[in-house]
A.B. asks: 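Got a structure for you, written out below as structure tokens; questions coming shortly.
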Amino acid sequence: MNKKHENIILNRAISIVNSAARILNDGIVEPSFYPADFLPVKNIDLGDFASEFCIDHNCGGKVFLAASKSTVQNLSLALFGMPITDEDGEEMVQDGINEILNMIIGNAAKELEELGLNFGETLIPTKGRLTDISSSSTQYQIGVPTEVGELSFVFSFNNSKAVK
Amino acid sequence: MAKVMIVDDSRMIRKALRVFLEAGNHEVVAEATDGEEAVRNYHKFKPDLVTMDVSMPEMSGIEALREIIRIDPNARVVMISSLNQKDLVVKAFAEGAKNYVLKPMSKEKTLAVIDKVLQE
């Protein structure tokens with residue numbers, strides 16, 4: 001992967017994480033994003049709950065948002081003023097993280113479009129380790145600490161796709 | 001107190017809106033998870049106001065809004081949208097929506113918009 005490709009990925013990641021900061025800033029500590037933390041990784045453990053979103057045409061690029069069950073429950077309370085309890089079931093928790101990622105991507109959409117991306121709206125609930133990502137893709141992870149727990153953003157890009 | 005129908009494909013958003021509306025002493029008379037169900041339920045329950053998600057499977061919020069306005073030109077529909085859906089919200093206003101609420105929505109802001117629409 002060349003430097004230009006890495007910079008493009010970094011810009012995309014910054015847009016998305018900054019959108020998360022804008023949303024999360026309402027009552028929650030603004031997450032700090034350190035470029036030095038943006039490292040390529042493999043075989044990422046997504047934790048309890050995750051959602052996958054297509055941020056490039058043909059899903060050549062994807063972003064996963066992962067968080068523990070308690071973090072999603074607390075985020076729902078902080079963002080929507082509505083608690084998700086254990087009685088609501090795991091479906092509601094998964095729904096919660098889908099909504100949160102959808103909002104974050106929605107906020108980042110404008111910046112991503114300015115970078116020349118046709119971002120998609122595929123939202124796929126995903127749990128567990130990222131073992132289904134093929135060796136032809138590269139994954140980067142950013143951990144975003146908040147008052148209610150850590151969010152993990154995982155960016156996955158298919159190396160064979162052309163990058164704008 | 002108003003009779004309200006909630007239309008959203010997200011269980012979490014439907015629950016949040018129900019909690020907000022009941023806290024504001026409104027009655028949730030129906031829910032719908034897509035536009036087609038929303039139109040059917042509008043016929044059946046005749047709510048005073050509808051909260052409508054902009055993006056839904058099968059029939060979108062805009063299409064459902066159009067159908068509901070066709071049935072009842074005085075229908076009060078408040079759109080629920082994300083920040084990147086501004087163009088769709090503008091389109092919704094052109095189709096007859098009365099107001100909108102952006103996600104993440106707070107109870108106070110949601111009730112303020114709904115109460116404003118009900119008073120108009």
Side-chain angles (χ1 to χ4, degrees), chain A residues 15-16 18-28 49 51 53 55 69 72-85 87-114 117-125 148, chain B residues 4 6-24 26 28 31-35 51-63 78-92 100-114:
Chain A
S15 294
I16 291 170
N18 281 340
S19 289
R22 282 194 293 277
I23 289 173
L24 298 171
N25 201 34
D26 183 15
I28 305 178
F49 290 88
S51 258
F53 200 101
I55 60 167
K69 181 177 169 185
V72 180
Q73 289 173 316
N74 292 336
L75 269 177
S76 171
L77 183 60
L79 293 174
F80 294 100
M82 188 206 72
I84 296 176
T85 66
E87 282 176 357
D88 290 315
E90 293 204 342
E91 226 181 278
M92 186 74 89
V93 181
Q94 184 64 62
D95 205 50
I97 200 167
N98 290 353
E99 275 298 320
I100 292 164
L101 179 59
N102 205 12
M103 276 191 314
I104 290 169
I105 296 298
N107 273 271
K110 191 164 179 308
E111 288 106 291
L112 293 175
E113 282 168 14
E114 285 169 2
L117 283 173
N118 299 320
F119 97 111
E121 294 189 18
T122 307
L123 202 64
I124 303 170
V148 298
Chain B
V4 181
I6 297 170
V7 184
D8 204 299
D9 58 335
S10 163
R11 281 182 63 192
M12 198 191 81
I13 298 293
R14 290 200 309 273
K15 184 182 174 184
L17 286 170
R18 178 181 278 271
V19 167
F20 296 167
L21 287 163
E22 288 175 353
H26 299 297
V28 177
E31 292 185 10
T33 59
D34 61 63
T51 67
M52 180 80 75
D53 184 19
V54 169
S55 297
M56 285 182 295
E58 305 300 331
M59 182 190 270
S60 72
I62 302 286
E63 289 166 330
V78 171
M79 307 305 289
I80 310 292
S81 75
S82 299
L83 191 62
N84 67 316
Q85 295 173 324
K86 276 184 186 170
D87 292 345
L88 290 176
V89 172
V90 168
K91 201 171 171 186
Y100 72 101
V101 175
L102 274 182
K103 298 180 198 176
M105 62 275 181
S106 69
K107 181 176 74 176
E108 292 73 25
K109 217 176 275 187
T110 303
L111 287 176
V113 166
I114 284 171

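Throughout, a chain's letter reflects where its sequence line sits, starting with A, and its residues are numbered from 1. Every heavy atom of this structure was used, including side-chain atoms; hydrogens, water molecules and symmetry mates were not.
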A.B. asks: Listed by chain and number, what are the side-chain contact (heavy atoms from CB on, under 4.5 Å) partners of B:D9, not counting sequence neighbours?
C.D. replies: B:D53, B:M56, B:P57
A.B. asks: Roughly how far, to the nearest 0.5 Å, is CE of B:M105 from CZ of A:F80?
C.D. replies: 5.5 Å
A.B. asks: Using 4.0 Å as the upper bound for N to carboxylate O, is an ion pair formed by A:D88 and B:K15?
C.D. replies: yes
A.B. asks: Give me the atom names and distance for the closest heavy-atom approach of B:M12 to A:S76.
C.D. replies: SD-OG, 3.8 Å
A.B. asks: Rounded to the nearest 0.5 Å, what's the gap from CG on B:D8 to CD on A:E99? Could you check?
C.D. replies: 6.5 Å
A.B. asks: Answer with side chain, backbone, both or neither: which region of B:S10 has an atom nearer than 4.5 Å to a non-hydrogen atom of chain A?
C.D. replies: both
A.B. asks: Quick one: of B:I13, B:T110, B:V19, who has the most non-hydrogen atom pairs under 4.5 Å with chain A?
C.D. replies: B:I13
A.B. asks: Under the rule for side-chain contact (heavy atoms from CB on, under 4.5 Å), what residues qualify as partners of A:E91, not counting sequence neighbours?
C.D. replies: B:R11
